[in-house]
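Counting begins at 1 with the first residue of the sequence.
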Amino acid sequence: MASLLARTVAFTGHRPRYFSFSGGNDPHLLALRRTLREQILRLHRENGAIHFLTGMALGVDTWAAQEVLALKEQGFPLTLSCILPCVGQENRWNREEKEQYRRLCGQADSMETLSPFYFSGCMQMRDRVLVDRCDLLLAVYDGESSGGTGYTVHYALKKEKPIVLIDCKALKSGFPAQARFILPPME
């Protein structure tokens with residue numbers, strides 16, 4: 001990975017339905033979480049990352065938050081900030097997902113809600129805030145899908161933010177997820 005000071009890292013990635021995991025012990029989910037943890041540790045050790053931002057959507061956002069909190073419990077000097085798009089982001093989720101959401105938000109070092117209500121575009125607003133506040137984006141993305149993850153990756157490229165891209169197409173095919181570092185063009 002390139003030597004770059006990246007003290008603040010934001011997460012983005014696909015939702016659970018993209019992956020079709022069969023549950024919390026699914027080997028593909030465990031492999032993805034292991035890859036997330038490895039990248040968080042690499043960014044901490046090699047790039048000075050200590051602050052991590054999550055938008056707390058289901059899937060990669062919450063899995064990454066869990067990994068940061070687990071590393072923090074092990075003594076790593078990391079912080080987690082939840083940047084929520086609106087009050088009630090979790091209202092349509094099932095009971096277990098809501099409990100996990102509230103638990104993770106409660107364990108985070110800080111939490112910010114951008115809007116007191118849902119409106120069309122509030123999720124994209126959250127995605128822009130995540131990118132604007134980070135030094136580097138860690139994305140679990142297939143490189144093709146539209147939606148929030150694609151929007152966030154393209155916004156980061158437009159803002160010339162470096163990206164660690166975990167290509168999840170391999171993971172869906174049963175192969176280990178590989179990460180690659182994408183640097184913005186140099187002037």
(message) Just checking Glu96: does its CD atom have more than 12 heavy atoms from other residues, nucleotides or ligands closer to it than 6.0 angstrom?
(response)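 No - once you tally the heavy atoms of other residues, nucleotides and ligands closer than 6.0 Å, there are 12 at most.
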(request) For Lys159, look at atom NZ and say whether over 12 heavy atoms of other residues, nucleotides or ligands are found less than 6.0 Å away. (result) no
(message) To the nearest 0.5 Å, what is the distance between CZ on Arg126 and CE on Met56?
(response)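 Between Arg126 CZ and Met56 CE, I get 10.5 Å after rounding to 0.5 Å.
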(message) The criterion is ring pair (Phe, Tyr, Trp, His ring centres under 6.0 Å); which residues satisfy it with Tyr155, sequence neighbours excluded?
(response)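 For Tyr155, no residue satisfies ring pair (Phe, Tyr, Trp, His ring centres under 6.0 Å) once neighbours in sequence are set aside.
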Tell me the closest heavy-atom pair linking [X] and [Y], and the distance in Å.
| X | Y | result |
| --- | --- | --- |
| Ile163 | Val153 | CD1-O, 4.0 Å |
| Val68 | Thr79 | CG1-O, 4.2 Å |
| Gln39 | Leu138 | CB-CD1, 3.7 Å |

Hey, is the main chain of [Y] close enough, under 3.5 Å, to the side chain of [X] for a donor-acceptor pair?
| X | Y | value |
| --- | --- | --- |
| Thr113 | Ser115 | no |
| Thr54 | Asp61 | yes |
| Glu97 | Asn94 | yes |
| Asp135 | Thr8 | yes |
| Lys161 | Val131 | yes |

(request) Verify the cluster assignment for Trp63 and Leu53: are they in a single hydrophobic cluster under the rule of side-chain heavy atoms below 4.5 Å apart? (result)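 Not linked; separate clusters.
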(message) Check this for me: does any side-chain nitrogen of one of Lys72 and Glu67 sit under 4.0 Å from a carboxylate oxygen of the other?
(response)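 Looking at Lys72 and Glu67, the cut-off is not met.
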(request) For the residue pair Asp127 and Thr152, confirm or rule out a side-chain donor-acceptor distance under 3.5 Å. (result)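 There is such a pair (donor and acceptor under 3.5 Å, judged by atom type) between the side chains of Asp127 and Thr152.
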(message) Parallel, tilted or perpendicular, judged at 30° and 60°: which one describes the rings of Phe52 and Phe11?
(response) parallel
(request) Would you mind telling me which of Arg102, Lys98, Arg103, Arg95 makes a salt bridge (Lys or Arg N to Asp or Glu O under 4.0 Å) with Glu90? (result)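 When salt bridge (Lys or Arg N to Asp or Glu O under 4.0 Å) is applied between Glu90 and each of Arg102, Lys98, Arg103, Arg95, only Arg102 qualifies.
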